[in-house]
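All chains are named by letter (A, B, ...) in the order of the sequence lines, taking the proteins before the strands, and each is independently numbered beginning at 1.
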Protein chains: 2
Amino acid sequence: MSRPTKQSPERGSARTRLLEAARDIVRTKGFAATTVDDLCRAADVTKGAFFHHFASKDALGVAAAEFWAATTTGFFEAAPYHDPADPLERVLAYVAFRKAIIMGELAEFTCLVGTMAQEVYASFPDIRDACGRSIFGHTATLEGDIEAARQDRGITDDWTAESLARHTQAVIQGGFVLAKAGNDPELARESLDHLNRYIRYLFHVTEEEDIA
Amino acid sequence: MSRPTKQSPERGSARTRLLEAARDIVRTKGFAATTVDDLCRAADVTKGAFFHHFASKDALGVAAAEFWAATTTGFFEAAPYHDPADPLERVLAYVAFRKAIIMGELAEFTCLVGTMAQEVYASFPDIRDACGRSIFGHTATLEGDIEAARQDRGITDDWTAESLARHTQAVIQGGFVLAKAGNDPELARESLDHLNRYIRYLFHVTEEEDIA
DNA sequence: TGACACATACCAACTGTATGGTATGTATTC
DNA sequence: GAATACATACCATACAGTTGGTATGTGTCA
(Lines give C-alpha, C1' and ligand atoms only; values in the text may rest on other atoms or scores of the structure.)
Protein backbone atom coordinates (compact mmCIF):
# COMPACT_ATOMS: atom_id res chain seq x y z
CA MET A 1 0.00 0.00 0.00
CA SER A 2 1.39 3.37 -0.97
CA ARG A 3 1.77 6.01 1.65
CA PRO A 4 -0.61 8.92 1.55
CA THR A 5 0.45 12.17 -0.07
CA LYS A 6 -1.07 15.63 0.03
CA GLN A 7 -3.01 14.42 -2.99
CA SER A 8 -4.09 11.09 -1.51
CA PRO A 9 -4.24 11.22 2.28
CA GLU A 10 -7.12 8.74 2.34
CA ARG A 11 -5.79 6.59 5.15
CA GLY A 12 -4.88 9.48 7.36
CA SER A 13 -1.29 10.14 8.24
CA ALA A 14 0.92 7.38 9.55
CA ARG A 15 1.14 9.21 12.84
CA THR A 16 -2.62 9.24 13.28
CA ARG A 17 -2.92 5.62 12.26
CA LEU A 18 -0.28 4.68 14.83
CA LEU A 19 -2.14 6.59 17.52
CA GLU A 20 -5.40 4.88 16.62
CA ALA A 21 -3.65 1.52 16.70
CA ALA A 22 -2.21 2.36 20.12
CA ARG A 23 -5.64 3.34 21.38
CA ASP A 24 -7.09 -0.01 20.32
CA ILE A 25 -4.23 -2.37 21.10
CA VAL A 26 -3.15 -0.84 24.40
CA ARG A 27 -6.72 -1.03 25.65
CA THR A 28 -6.70 -4.73 24.83
CA LYS A 29 -3.23 -5.84 25.90
CA GLY A 30 -1.89 -3.02 28.04
CA PHE A 31 1.04 -0.75 27.27
CA ALA A 32 3.98 -2.98 28.11
CA ALA A 33 2.58 -5.97 26.21
CA THR A 34 1.95 -3.85 23.13
CA THR A 35 5.05 -4.00 20.96
CA VAL A 36 6.19 -1.42 18.46
CA ASP A 37 5.84 -4.12 15.82
CA ASP A 38 2.23 -4.69 16.88
CA LEU A 39 1.51 -1.04 16.30
CA CYS A 40 3.34 -0.87 12.99
CA ARG A 41 1.49 -3.94 11.73
CA ALA A 42 -1.89 -2.56 12.76
CA ALA A 43 -1.16 0.86 11.30
CA ASP A 44 0.42 -0.67 8.21
CA VAL A 45 3.62 1.30 8.49
CA THR A 46 7.22 0.36 9.05
CA LYS A 47 9.37 0.83 12.09
CA GLY A 48 11.18 3.62 10.33
CA ALA A 49 7.92 5.54 10.17
CA PHE A 50 7.23 4.81 13.82
CA PHE A 51 10.53 6.21 15.01
CA HIS A 52 10.26 9.10 12.62
CA HIS A 53 7.10 10.25 14.39
CA PHE A 54 7.90 9.14 17.95
CA ALA A 55 11.27 9.32 19.63
CA SER A 56 10.56 6.18 21.64
CA LYS A 57 7.80 3.83 22.68
CA ASP A 58 7.52 5.94 25.84
CA ALA A 59 6.92 9.04 23.71
CA LEU A 60 4.20 7.22 21.80
CA GLY A 61 2.51 6.48 25.11
CA VAL A 62 2.45 10.17 25.95
CA ALA A 63 1.14 11.04 22.49
CA ALA A 64 -1.52 8.33 22.73
CA ALA A 65 -2.75 9.77 26.02
CA GLU A 66 -2.89 13.24 24.49
CA PHE A 67 -4.65 11.88 21.42
CA TRP A 68 -7.16 10.21 23.72
CA ALA A 69 -7.69 13.45 25.62
CA ALA A 70 -8.30 15.36 22.40
CA THR A 71 -10.68 12.86 20.82
CA THR A 72 -12.70 12.18 23.96
CA THR A 73 -13.02 15.90 24.62
CA GLY A 74 -14.60 16.31 21.21
CA PHE A 75 -16.78 13.26 21.74
CA PHE A 76 -18.16 14.46 25.06
CA GLU A 77 -18.61 18.03 23.90
CA ALA A 78 -20.82 16.77 21.09
CA ALA A 79 -22.82 14.45 23.36
CA PRO A 80 -26.48 15.25 24.07
CA TYR A 81 -26.24 15.31 27.86
CA HIS A 82 -25.55 19.03 27.76
CA ASP A 83 -29.04 19.80 26.46
CA PRO A 84 -31.18 20.09 29.63
CA ALA A 85 -31.59 23.59 31.01
CA ASP A 86 -31.54 22.28 34.59
CA PRO A 87 -27.90 21.76 35.65
CA LEU A 88 -28.77 18.78 37.88
CA GLU A 89 -30.49 17.17 34.94
CA ARG A 90 -27.29 17.64 32.96
CA VAL A 91 -25.28 15.91 35.65
CA LEU A 92 -27.68 12.97 35.81
CA ALA A 93 -27.79 12.89 32.01
CA TYR A 94 -24.01 12.64 32.03
CA VAL A 95 -24.18 9.57 34.25
CA ALA A 96 -26.89 8.07 32.06
CA PHE A 97 -24.77 8.79 28.99
CA ARG A 98 -21.73 7.10 30.53
CA LYS A 99 -23.91 4.08 31.20
CA ALA A 100 -25.39 4.08 27.71
CA ILE A 101 -22.04 4.01 25.96
CA ILE A 102 -20.99 0.86 27.83
CA MET A 103 -21.70 -1.63 25.10
CA GLY A 104 -19.88 -4.08 22.87
CA GLU A 105 -16.47 -5.45 23.74
CA LEU A 106 -14.62 -4.39 26.88
CA ALA A 107 -11.77 -2.87 24.89
CA GLU A 108 -14.24 -0.71 22.97
CA PHE A 109 -15.68 1.18 25.92
CA THR A 110 -12.98 1.07 28.57
CA CYS A 111 -10.66 3.98 29.19
CA LEU A 112 -7.22 4.07 27.60
CA VAL A 113 -5.74 6.53 30.06
CA GLY A 114 -7.16 4.79 33.12
CA THR A 115 -5.68 1.51 31.92
CA MET A 116 -2.32 3.07 31.09
CA ALA A 117 -2.08 5.07 34.31
CA GLN A 118 -2.78 1.97 36.35
CA GLU A 119 0.04 0.14 34.61
CA VAL A 120 2.79 2.71 34.12
CA TYR A 121 2.30 5.18 36.97
CA ALA A 122 5.64 4.34 38.55
CA SER A 123 7.68 3.43 35.48
CA PHE A 124 6.78 6.21 33.04
CA PRO A 125 5.94 9.43 34.87
CA ASP A 126 5.51 11.26 31.56
CA ILE A 127 2.80 8.87 30.44
CA ARG A 128 1.22 8.89 33.89
CA ASP A 129 1.03 12.68 33.88
CA ALA A 130 -0.45 12.76 30.38
CA CYS A 131 -3.08 10.26 31.57
CA GLY A 132 -3.73 12.37 34.63
CA ARG A 133 -4.25 15.47 32.50
CA SER A 134 -6.76 13.58 30.38
CA ILE A 135 -8.73 12.22 33.33
CA PHE A 136 -8.74 15.35 35.46
CA GLY A 137 -9.31 17.56 32.46
CA HIS A 138 -12.44 15.56 31.84
CA THR A 139 -13.64 15.75 35.44
CA ALA A 140 -13.25 19.50 35.24
CA THR A 141 -15.87 19.61 32.48
CA LEU A 142 -18.39 18.07 34.89
CA GLU A 143 -17.52 20.34 37.75
CA GLY A 144 -19.29 23.34 36.28
CA ASP A 145 -22.63 21.58 36.01
CA ILE A 146 -22.30 20.12 39.50
CA GLU A 147 -21.50 23.49 41.00
CA ALA A 148 -24.37 25.12 39.12
CA ALA A 149 -26.71 22.41 40.38
CA ARG A 150 -25.44 22.94 43.93
CA GLN A 151 -26.25 26.61 43.80
CA ASP A 152 -29.48 26.08 41.89
CA ARG A 153 -30.71 23.64 44.54
CA GLY A 154 -29.27 25.53 47.48
CA ILE A 155 -27.07 22.66 48.62
CA THR A 156 -24.65 23.64 51.36
CA ASP A 157 -23.52 20.23 52.56
CA ASP A 158 -19.83 19.65 53.09
CA TRP A 159 -18.81 18.23 49.76
CA THR A 160 -17.41 20.08 46.78
CA ALA A 161 -18.27 19.94 43.11
CA GLU A 162 -14.64 19.16 42.38
CA SER A 163 -14.67 16.20 44.72
CA LEU A 164 -17.94 14.80 43.38
CA ALA A 165 -16.67 15.16 39.82
CA ARG A 166 -13.60 13.13 40.76
CA HIS A 167 -15.71 10.56 42.57
CA THR A 168 -17.79 10.16 39.44
CA GLN A 169 -14.62 9.32 37.53
CA ALA A 170 -13.55 6.91 40.25
CA VAL A 171 -16.85 5.04 40.01
CA ILE A 172 -16.52 4.82 36.24
CA GLN A 173 -12.91 3.66 36.37
CA GLY A 174 -13.64 1.20 39.14
CA GLY A 175 -16.58 -0.15 37.17
CA PHE A 176 -14.21 -0.86 34.30
CA VAL A 177 -11.85 -2.76 36.58
CA LEU A 178 -14.68 -4.93 37.89
CA ALA A 179 -16.07 -5.45 34.40
CA LYS A 180 -12.67 -6.72 33.29
CA ALA A 181 -12.13 -8.90 36.36
CA GLY A 182 -15.58 -10.41 35.99
CA ASN A 183 -15.51 -10.31 32.19
CA ASP A 184 -18.94 -8.73 32.23
CA PRO A 185 -19.76 -5.15 31.11
CA GLU A 186 -22.88 -5.18 33.27
CA LEU A 187 -20.63 -4.79 36.30
CA ALA A 188 -19.62 -1.35 35.03
CA ARG A 189 -23.22 -0.32 34.41
CA GLU A 190 -24.30 -1.48 37.85
CA SER A 191 -22.02 0.98 39.63
CA LEU A 192 -23.39 3.84 37.56
CA ASP A 193 -26.84 3.03 38.93
CA HIS A 194 -25.45 3.45 42.42
CA LEU A 195 -23.79 6.69 41.40
CA ASN A 196 -27.07 7.95 39.98
CA ARG A 197 -28.81 7.13 43.25
CA TYR A 198 -26.06 8.82 45.27
CA ILE A 199 -26.27 12.03 43.27
CA ARG A 200 -30.04 12.13 43.67
CA TYR A 201 -29.58 11.72 47.40
CA LEU A 202 -26.99 14.48 47.48
CA PHE A 203 -29.41 16.85 45.77
CA HIS A 204 -32.40 15.65 47.80
CA VAL A 205 -34.34 14.57 44.72
CA THR A 206 -37.58 13.05 45.99
CA GLU A 207 -39.54 10.35 44.23
CA GLU A 208 -42.32 12.80 43.43
CA GLU A 209 -40.23 15.42 41.68
CA ASP A 210 -38.27 12.74 39.84
CA ILE A 211 -36.14 14.07 37.04
CA ALA A 212 -34.00 13.04 34.12
CA MET B 1 23.06 -16.83 50.25
CA SER B 2 22.27 -20.46 50.94
CA ARG B 3 18.82 -21.70 50.33
CA PRO B 4 16.70 -22.45 53.36
CA THR B 5 16.43 -25.99 54.60
CA LYS B 6 14.04 -27.63 57.00
CA GLN B 7 16.55 -26.65 59.65
CA SER B 8 16.93 -23.06 58.50
CA PRO B 9 13.81 -21.88 56.69
CA GLU B 10 14.35 -18.33 57.82
CA ARG B 11 13.66 -16.77 54.44
CA GLY B 12 10.62 -18.87 53.70
CA SER B 13 10.46 -21.18 50.72
CA ALA B 14 11.60 -20.01 47.31
CA ARG B 15 8.04 -20.34 46.08
CA THR B 16 6.71 -18.02 48.75
CA ARG B 17 9.50 -15.54 48.19
CA LEU B 18 8.73 -15.49 44.49
CA LEU B 19 5.06 -14.86 45.20
CA GLU B 20 5.92 -12.03 47.57
CA ALA B 21 8.24 -10.56 44.96
CA ALA B 22 5.47 -10.82 42.37
CA ARG B 23 3.07 -9.09 44.72
CA ASP B 24 5.45 -6.17 45.19
CA ILE B 25 6.93 -5.83 41.72
CA VAL B 26 3.75 -6.41 39.71
CA ARG B 27 1.99 -3.76 41.76
CA THR B 28 4.76 -1.35 40.84
CA LYS B 29 5.45 -2.16 37.19
CA GLY B 30 2.52 -4.24 36.05
CA PHE B 31 2.55 -7.89 35.01
CA ALA B 32 3.95 -7.65 31.49
CA ALA B 33 6.79 -5.34 32.49
CA THR B 34 7.78 -7.61 35.34
CA THR B 35 10.34 -10.08 34.03
CA VAL B 36 11.09 -13.50 35.37
CA ASP B 37 14.61 -12.27 36.06
CA ASP B 38 13.20 -9.36 38.09
CA LEU B 39 11.35 -11.84 40.26
CA CYS B 40 14.30 -14.19 40.65
CA ARG B 41 16.56 -11.32 41.62
CA ALA B 42 14.11 -9.97 44.19
CA ALA B 43 13.45 -13.41 45.63
CA ASP B 44 17.12 -14.29 45.46
CA VAL B 45 16.60 -17.52 43.58
CA THR B 46 17.63 -18.73 40.15
CA LYS B 47 15.55 -19.31 37.09
CA GLY B 48 15.76 -23.02 37.68
CA ALA B 49 13.92 -22.52 40.95
CA PHE B 50 11.35 -20.31 39.28
CA PHE B 51 10.46 -22.84 36.62
CA HIS B 52 10.60 -25.63 39.14
CA HIS B 53 7.73 -24.02 41.02
CA PHE B 54 5.84 -22.42 38.15
CA ALA B 55 5.28 -23.91 34.72
CA SER B 56 5.35 -20.49 33.09
CA LYS B 57 5.17 -16.80 33.83
CA ASP B 58 1.46 -17.06 33.14
CA ALA B 59 1.15 -19.74 35.83
CA LEU B 60 3.00 -17.51 38.29
CA GLY B 61 0.43 -14.81 37.59
CA VAL B 62 -2.36 -17.16 38.52
CA ALA B 63 -0.52 -18.29 41.65
CA ALA B 64 0.19 -14.67 42.61
CA ALA B 65 -3.51 -13.84 42.38
CA GLU B 66 -4.35 -16.85 44.52
CA PHE B 67 -1.63 -15.93 47.00
CA TRP B 68 -3.10 -12.44 47.15
CA ALA B 69 -6.58 -13.83 47.73
CA ALA B 70 -5.34 -16.04 50.56
CA THR B 71 -3.27 -13.39 52.33
CA THR B 72 -5.82 -10.60 52.02
CA THR B 73 -8.56 -12.91 53.26
CA GLY B 74 -6.54 -13.53 56.39
CA PHE B 75 -5.75 -9.86 56.72
CA PHE B 76 -9.37 -8.74 56.50
CA GLU B 77 -10.63 -11.53 58.73
CA ALA B 78 -8.28 -10.33 61.44
CA ALA B 79 -9.21 -6.67 61.01
CA PRO B 80 -11.15 -4.89 63.76
CA TYR B 81 -14.07 -3.72 61.62
CA HIS B 82 -15.97 -6.90 62.48
CA ASP B 83 -16.28 -5.92 66.13
CA PRO B 84 -19.46 -3.77 66.24
CA ALA B 85 -22.66 -5.62 67.09
CA ASP B 86 -24.67 -3.41 64.71
CA PRO B 87 -24.26 -4.75 61.17
CA LEU B 88 -24.50 -1.28 59.61
CA GLU B 89 -21.75 -0.13 61.91
CA ARG B 90 -19.64 -3.02 60.63
CA VAL B 91 -20.24 -1.95 57.04
CA LEU B 92 -19.27 1.63 57.77
CA ALA B 93 -16.31 0.42 59.81
CA TYR B 94 -15.20 -1.57 56.76
CA VAL B 95 -15.22 1.58 54.65
CA ALA B 96 -13.34 3.46 57.36
CA PHE B 97 -10.83 0.63 57.55
CA ARG B 98 -10.28 0.66 53.80
CA LYS B 99 -9.62 4.37 54.07
CA ALA B 100 -7.29 3.99 57.04
CA ILE B 101 -5.04 1.48 55.30
CA ILE B 102 -4.41 3.85 52.40
CA MET B 103 -1.03 5.13 53.47
CA GLY B 104 2.57 5.08 52.36
CA GLU B 105 3.55 4.43 48.78
CA LEU B 106 0.97 3.72 46.08
CA ALA B 107 2.37 0.25 45.44
CA GLU B 108 1.99 -0.61 49.11
CA PHE B 109 -1.75 -0.11 49.38
CA THR B 110 -3.07 -0.65 45.87
CA CYS B 111 -4.63 -3.89 44.77
CA LEU B 112 -2.58 -6.53 42.97
CA VAL B 113 -5.53 -8.31 41.42
CA GLY B 114 -7.26 -5.12 40.31
CA THR B 115 -4.08 -3.99 38.61
CA MET B 116 -3.46 -7.36 36.99
CA ALA B 117 -7.05 -7.85 35.85
CA GLN B 118 -7.03 -4.43 34.22
CA GLU B 119 -3.91 -5.35 32.29
CA VAL B 120 -4.31 -8.99 31.32
CA TYR B 121 -8.07 -9.52 31.10
CA ALA B 122 -7.97 -10.25 27.39
CA SER B 123 -4.53 -11.84 27.08
CA PHE B 124 -4.47 -14.24 30.03
CA PRO B 125 -7.96 -15.47 30.90
CA ASP B 126 -6.57 -17.74 33.60
CA ILE B 127 -5.01 -14.82 35.43
CA ARG B 128 -8.09 -12.70 34.89
CA ASP B 129 -10.32 -15.37 36.39
CA ALA B 130 -8.02 -15.82 39.38
CA CYS B 131 -8.16 -12.04 39.91
CA GLY B 132 -11.93 -12.14 39.57
CA ARG B 133 -12.20 -14.87 42.19
CA SER B 134 -10.09 -12.78 44.57
CA ILE B 135 -12.10 -9.60 44.07
CA PHE B 136 -15.55 -11.12 44.09
CA GLY B 137 -14.65 -13.50 46.88
CA HIS B 138 -13.80 -10.44 48.94
CA THR B 139 -17.01 -8.60 48.05
CA ALA B 140 -18.92 -11.67 49.21
CA THR B 141 -17.50 -11.23 52.70
CA LEU B 142 -19.13 -7.77 52.86
CA GLU B 143 -22.43 -8.94 51.50
CA GLY B 144 -23.47 -10.65 54.72
CA ASP B 145 -23.10 -7.52 56.82
CA ILE B 146 -24.88 -5.39 54.23
CA GLU B 147 -27.78 -7.81 54.03
CA ALA B 148 -27.99 -8.03 57.83
CA ALA B 149 -28.01 -4.22 58.01
CA ARG B 150 -30.75 -4.09 55.38
CA GLN B 151 -32.96 -6.36 57.39
CA ASP B 152 -32.01 -4.77 60.69
CA ARG B 153 -32.98 -1.34 59.40
CA GLY B 154 -35.97 -2.52 57.43
CA ILE B 155 -34.65 -1.28 54.11
CA THR B 156 -36.72 -2.43 51.16
CA ASP B 157 -35.41 -0.12 48.42
CA ASP B 158 -34.56 -1.65 45.08
CA TRP B 159 -30.88 -2.39 45.52
CA THR B 160 -29.28 -5.61 46.63
CA ALA B 161 -26.55 -6.30 49.16
CA GLU B 162 -24.61 -8.09 46.44
CA SER B 163 -24.74 -5.06 44.19
CA LEU B 164 -23.73 -2.62 46.93
CA ALA B 165 -20.85 -4.87 47.92
CA ARG B 166 -19.62 -4.83 44.33
CA HIS B 167 -20.09 -1.08 44.11
CA THR B 168 -17.96 -0.69 47.20
CA GLN B 169 -15.19 -2.58 45.44
CA ALA B 170 -15.64 -0.45 42.33
CA VAL B 171 -15.22 2.73 44.35
CA ILE B 172 -12.09 1.36 45.99
CA GLN B 173 -10.58 0.19 42.70
CA GLY B 174 -11.51 3.41 40.94
CA GLY B 175 -9.96 5.40 43.76
CA PHE B 176 -6.71 3.53 43.16
CA VAL B 177 -6.79 4.38 39.47
CA LEU B 178 -7.28 8.07 40.22
CA ALA B 179 -4.62 8.01 42.92
CA LYS B 180 -2.17 6.58 40.41
CA ALA B 181 -3.15 8.96 37.61
CA GLY B 182 -2.87 11.95 39.95
CA ASN B 183 0.03 10.47 41.90
CA ASP B 184 -1.77 11.29 45.12
CA PRO B 185 -3.18 8.75 47.60
CA GLU B 186 -5.63 11.34 48.90
CA LEU B 187 -7.64 10.83 45.70
CA ALA B 188 -8.37 7.27 46.81
CA ARG B 189 -9.41 8.35 50.29
CA GLU B 190 -11.68 11.05 48.93
CA SER B 191 -13.91 8.57 47.11
CA LEU B 192 -14.28 6.52 50.27
CA ASP B 193 -15.77 9.58 51.96
CA HIS B 194 -18.37 9.72 49.21
CA LEU B 195 -19.01 6.01 49.60
CA ASN B 196 -19.48 6.47 53.34
CA ARG B 197 -21.99 9.24 52.71
CA TYR B 198 -23.83 7.13 50.12
CA ILE B 199 -24.18 4.17 52.46
CA ARG B 200 -25.51 6.42 55.21
CA TYR B 201 -28.06 7.79 52.78
CA LEU B 202 -29.04 4.28 51.70
CA PHE B 203 -29.68 3.34 55.32
CA HIS B 204 -31.35 6.65 56.16
CA VAL B 205 -28.83 7.48 58.87
CA THR B 206 -29.75 10.91 60.21
CA GLU B 207 -27.31 13.39 61.68
CA GLU B 208 -28.79 12.91 65.15
CA GLU B 209 -28.40 9.15 65.35
CA ASP B 210 -24.95 9.34 63.82
CA ILE B 211 -23.01 6.14 64.09
CA ALA B 212 -19.59 4.66 63.58
C1' DT C 1 9.35 29.51 -14.56
C1' DG C 2 12.79 26.63 -13.36
C1' DA C 3 16.47 25.08 -10.61
C1' DC C 4 18.49 24.36 -6.38
C1' DA C 5 18.47 23.55 -1.26
C1' DC C 6 16.35 21.59 2.14
C1' DA C 7 12.73 19.36 4.95
C1' DT C 8 9.36 15.85 5.64
C1' DA C 9 7.66 11.30 5.49
C1' DC C 10 8.48 7.19 4.96
C1' DC C 11 10.87 2.20 3.98
C1' DA C 12 13.90 -2.21 4.35
C1' DA C 13 17.32 -4.35 6.62
C1' DC C 14 19.97 -4.74 10.50
C1' DT C 15 21.83 -4.92 15.62
C1' DG C 16 22.55 -5.75 20.46
C1' DT C 17 20.28 -7.18 24.17
C1' DA C 18 16.61 -8.86 27.08
C1' DT C 19 13.37 -12.37 27.57
C1' DG C 20 10.81 -16.69 28.52
C1' DG C 21 11.98 -21.07 28.67
C1' DT C 22 15.02 -25.59 28.71
C1' DA C 23 18.48 -29.17 29.61
C1' DT C 24 21.17 -31.01 32.83
C1' DG C 25 23.50 -31.48 37.09
C1' DT C 26 23.63 -31.64 42.35
C1' DA C 27 22.56 -31.17 47.26
C1' DT C 28 19.03 -32.29 50.68
C1' DT C 29 15.23 -34.73 52.71
C1' DC C 30 12.39 -38.63 53.51
C1' DG D 1 17.42 -44.49 46.66
C1' DA D 2 13.93 -41.80 45.05
C1' DA D 3 11.76 -37.68 45.05
C1' DT D 4 12.18 -32.80 45.94
C1' DA D 5 14.28 -28.44 45.56
C1' DC D 6 17.04 -26.10 43.87
C1' DA D 7 21.51 -24.17 40.69
C1' DT D 8 24.22 -23.41 36.28
C1' DA D 9 24.59 -22.85 31.67
C1' DC D 10 22.46 -22.36 27.71
C1' DC D 11 19.08 -21.36 23.64
C1' DA D 12 15.83 -19.28 20.24
C1' DT D 13 13.32 -15.53 19.69
C1' DA D 14 11.31 -11.12 20.25
C1' DC D 15 12.21 -6.71 21.34
C1' DA D 16 13.28 -1.53 21.08
C1' DG D 17 15.91 1.07 18.59
C1' DT D 18 19.42 2.31 14.45
C1' DT D 19 21.20 2.93 9.94
C1' DG D 20 21.17 4.42 5.48
C1' DG D 21 18.48 5.21 2.14
C1' DT D 22 14.38 7.12 -1.30
C1' DA D 23 10.31 9.67 -2.74
C1' DT D 24 7.82 13.75 -2.29
C1' DG D 25 6.78 18.36 -1.05
C1' DT D 26 8.25 23.42 -0.20
C1' DG D 27 10.52 27.67 0.17
C1' DT D 28 13.62 30.79 -2.41
C1' DC D 29 15.95 33.34 -5.61
C1' DA D 30 17.46 34.28 -10.22
J.: Counting only non-hydrogen atoms, which of residues 25-34 of chain B are less than 4.0 Å from DNA chain D?
T.: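 Per residue number, the list is empty: none.
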J.: So E119(B) and F124(B), side-chain contact (heavy atoms from CB on, under 4.5 Å) or not? Walk me through it.
T.: CA-CA 9 Å; E119(B) 189 183 345; F124(B) 300 91; over 6 Å; no
J.: Are Y94(B) and R90(B) close enough, and set up right, to give a side chain to side chain donor-acceptor pair (under 3.5 Å), and what steps lead you there?
T.: CA-CA 6 Å; Y94(B) 170 80; R90(B) 289 198 295 275; over 6 Å; no
J.: Considering every strand and a 4.0 Å limit on heavy-atom distances, what is the contact class for T46(B): base, sugar-phosphate, or nothing?
T.: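 Base contact.
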J.: Less than 3.5 Å between a donor and an acceptor, one on the side chain of K47(A) and one on the base of dA16(D), is that the case here?
T.: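 Flag set: donor-acceptor pair detected.
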J.: Could you tell me whether F176(A) and Y121(B) have their ring centroids closer than 6.0 angstrom?
T.: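 Centroid distance F176(A)-Y121(B): not below 6.0 Å, so no.
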J.: Determine, for E66(B) against R133(B), whether the closest basic-nitrogen to carboxylate-oxygen distance falls under 4.0 angstrom.
T.: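 Result for this pair is yes, salt bridge flagged.
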J.: Please round to the nearest 0.5 Å and tell me the distance separating atom CD1 of I25(A) and atom CG of L18(A).
T.: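 CG of L18(A) is found 9.5 Å from CD1 of I25(A).
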J.: Could you check whether K57(A) makes a cation-pi contact with F50(A), meaning its NZ or CZ is under 6.0 Å from the centre of the six-membered ring and within 45° of the ring axis?
T.: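 Because its charged atom misses either the 6.0 Å distance or the 45° angle limit, K57(A) does not stack over F50(A).
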J.: Going by side-chain hydrogen bond (donor to acceptor under 3.5 Å, both in side chains), S191(A) matches just one of Q173(B), Q169(B), H167(B). Which one?
T.: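 Answer after filtering Q173(B), Q169(B), H167(B): H167(B).
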J.: Measure the distance from CG on D38(A) to P on dT13(D) and round it to the nearest whole Å.
T.: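 Result: 18 Å.
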J.: What's the CG-C1' distance between D44(A) and dC11(C), to the nearest Å?
T.: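 D44(A) atom CG is separated from dC11(C) atom C1' by 12 Å.
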J.: Quick one: are the ring centres of F203(B) and W159(B) less than 6.0 Å apart?
T.: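 Yes, the ring centres sit under 6.0 Å apart.
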J.: Could you state the atom-to-atom distance from CG of L39(B) to P of dA18(C) in whole Å?
T.: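 Taking atom P of dA18(C) as the reference, CG of L39(B) is at 17 Å.
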J.: Residues from residues 48-63 of chain B sitting under 4.0 Å of DNA chain D, heavy atoms only?
T.: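 Here the set is G48(B), A49(B), H52(B), H53(B).
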